[in-house]
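By convention in this document, chain letters (A, B, ...) are assigned in the order of the sequence lines, proteins followed by strands, and residues within each chain are numbered from 1.
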Amino acid sequence: MKSRTLAAPMLGVLFLGLLAASASADAVTHGDLLLSDGYVRAMPPDAPVAGGYVTIANKGSQDDRLVAARSPRAGAVQIHEMTMNGDVMKMRELPDGLPVPAGGSVELKPGGYHLMFMQVPTPFAEGETVETTLVFEKAGEVALPFAVRAMHAAPAAHQGHASDHSGH
Amino acid sequence: MSAIPDTARQSVGNLYRAVWRWHFYAGLLVLPFMITLSITGAMYVFRDEIDNWYHADLKRVQVQDSQRLAPTAQVASALDAVPGTAVKYTDPADPGASTEITVSTDRGKMAVYVNPYNGLVLGAMPDRSTIMWTVRTLHSFKYFGTWTRYLIEIAAGWSILLVGTGIWLWWPRGQKGGIVSVRGRPQRRVFWRDLHAVTGLFVGFFIVFLAVTGMPWSGVWGGKVNEWANGNNFGYPDGVRVNVPMSGQKLDEVAKAAWSLEQARIPESVGHGTPITLDDAVAAFDRLGLHRGYAVGLPQKPEGVFSGSVYPDDLSRQRVVHLDQYGGQPLLDMGYADYGPLGKWLEWGINTHMGQTFGVLNQIILLAACAAIVLLAVSAAVMWWKRRPSGSLGVPPLPTDRRVFRGLIAILAVGGVIFPLVGASLLVMLALDMAYVRLSRRNPAVTT
């Protein structure tokens, strides 16, 4: 059971991510790139950072790369990756950005690649739109709105036994 | 029996054989434990260094000039990444450390690491699953279950017996070497005998010290002594004024407590109204002067409290403060100075056992002691192998005069009463030895 300790909350996030993905969102075309379903999660009152997600498709014949992002609502936006190694979850910045292969697509989603909106003076509230600019190595800058969606609910669907509270 | 001079009187020879026999038995049983205890112990002495290196991605951050974010913001960030209930906030011990936030999820407790400067979650893993927590449970054998811990308690008792009998065997009896020097070459048994004896002479003190100071953690003796010594006054030292309602929850369940505070219970808030925030509580703990790196147990119920606790290398800075979650006033505030003389000595012993008392020197001396203990075990195994007749256990021969066992048994009896589990194991070994002797008489092929 140990190996599943972390999986549940992560699954909860993933699950909501899938739900969110199924909702329609405005897609933006820029050259060969199609950006769709951009959203950020609403922030709890005290939270300093928020995750952002979007799907980027590259219909061209040239590889491209997401190298930076920014938003007037945040002091900084970083490109991050979440990885799971056994029970250990790690989040790290991708300093070289994120490749978008020719003819392929990359999905920024909970539990994987994502954007981190940092230094957010006014927390994102559900129903708002957060203007965000993504910077690509070749395609240049693309502005698109990120919808603010509800925070993930408690992963009630995955309640197992409330076991192993001893922490040994 | 090259170590015994030919001129030795018969009685000395008899006693020598008896002591040697028990040294052999004790060694045979304890040898594997000595090796695992030494290796895990030597690692654990450097736990902060190793954990900070092995888990650097989670535990270390770039030092920044900017102010740290408020604790509530960091907790919110952690809960955003790992949904659940925050149960503990651990203050970064130094400017390059991350904040550890313990989150209770439906799959157990998770340790979530947050960069205090920007609020980014660095990662998460099950609580107490760092490499050094694993090493700690391997050291105590808790890793393998409750019962296996008793083996460690027996091993500790037997290791003291080993030192006592070993020193007796080492005691110079007119031989030309092997006192503080090593004779012969590695091909010869005397080389290994001397290496073992001389190493043992120097490391014997440390073995006894580590065995004795390790005993408070043991399953039977340590558990009973802890209950007896700390079971009063809700688990606080006698001098500490406890005049607030106490909950049934123990501090140790929230944040690992010092040995003397394992029975300490968490008090209940007496106030009403609007609770103070974690930020207020942390500000109060800072104002009260808790050593950096303190853990804050968060209130989980209306009568819960903010429990600040810290057990730094500097013993005198051990501190536990419980704050009323409404008024923010300390309900109970105690430090090392509140322990009685016995408690102070005991905590000093434990602190030194863990390599914390004398800084790096403490760590290096213990590392050297651990290396020497491994050398003792290896040289013991080699000298036994070289002496061992083929196809036999190679138990040292029985003394011709059995009366010499009386003194030995008397010593074992005293030790056995103080440490019952060790005493019980000695009785079992004595019975096995007698059975072995009988078997050998009936079947001479087994004789050594």
Side-chain angles (χ1 to χ4, degrees), chain A residues 1-13 16 41-51 74-76 78 80-93 110-111 114 116-120 123 151-168, chain B residues 55 57-58 66 68-85 87-88 102-131 133 136-137 140 142-143 145-146 252-256 277-279:
Chain A
M1 88 138 269
K2 252 198 151 187
S3 63
R4 290 162 61 186
T5 329
L6 189 70
M10 291 306 144
L11 271 176
V13 175
L16 274 140
R41 290 213 307 272
M43 295 163 70
D46 297 315
V49 295
Q78 292 182 349
H80 276 240
E81 179 191 30
M82 188 191 119
T83 53
M84 288 293 300
N85 182 7
D87 283 343
V88 181
M89 179 268 276
K90 281 183 188 171
M91 308 250 220
R92 66 179 190 111
E93 189 189 358
H114 57 277
M116 286 307 289
F117 290 71
M118 301 158 66
Q119 300 158 41
V120 180
M151 286 182 282
H152 47 66
H158 301 277
Q159 63 185 14
H161 273 293
S163 57
D164 200 25
H165 277 278
S166 54
H168 285 300
Chain B
H55 301 290
D57 289 353
L58 301 179
S66 59
R68 286 176 182 157
L69 293 175
T72 44
Q74 299 180 49
V75 170
S77 193
L79 290 177
D80 196 36
V82 180
T85 311
V87 293
K88 188 172 71 179
T102 314
V103 177
S104 182
T105 72
D106 51 10
R107 297 281 173 165
K109 282 186 193 168
M110 299 292 302
V112 185
Y113 297 90
V114 177
N115 183 327
Y117 299 106
N118 59 23
L120 286 178
V121 170
L122 301 163
M125 64 171 120
D127 192 30
R128 294 185 179 181
S129 73
T130 65
I131 185 168
W133 267 105
R136 184 186 171 115
T137 56
S140 68
K142 215 181 196 171
Y143 188 87
T146 306
D252 197 46
E253 292 160 20
V254 180
K256 186 88 199 90
T277 64
L278 172 62
D279 299 340

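In this structure, CD in B:Gln74 is found 11.5 Å from CG in A:Asp46, a value given to the nearest 0.5 Å. One distance of note links CG of A:Asn85 with CE of B:Met125; it measures 10.5 Å at 0.5 Å rounding. One distance of note links OG of B:Ser66 with CD of A:Gln119; it measures 8.5 Å at 0.5 Å rounding.
Listed by chain and number, the residues in a salt bridge (charged side-chain N to carboxylate O under 4.0 Å, His left out) with B:Asp57 are A:Lys90 (sequence neighbours excluded).
Annotation: side chain of A:Val88 is in contact with side chain of B:Leu58 (closest heavy-atom distance under 4.5 Å). In this structure, the side chains of A:Met118 and B:Leu120 come closer than 4.5 Å at one or more pairs of heavy atoms.
Taking each heavy atom of A:Pro48 and B:Gly119 in turn, the nearest pair found is CG-CA, 3.8 Å.
Interface residue A:Gln78: only side-chain heavy atoms are found under 4.5 Å from chain B.
Each of B:Val112, B:Leu122, B:Val82 was compared with A:Met89 under the side-chain contact (heavy atoms from CB on, under 4.5 Å) criterion, and only B:Val82 meets it.
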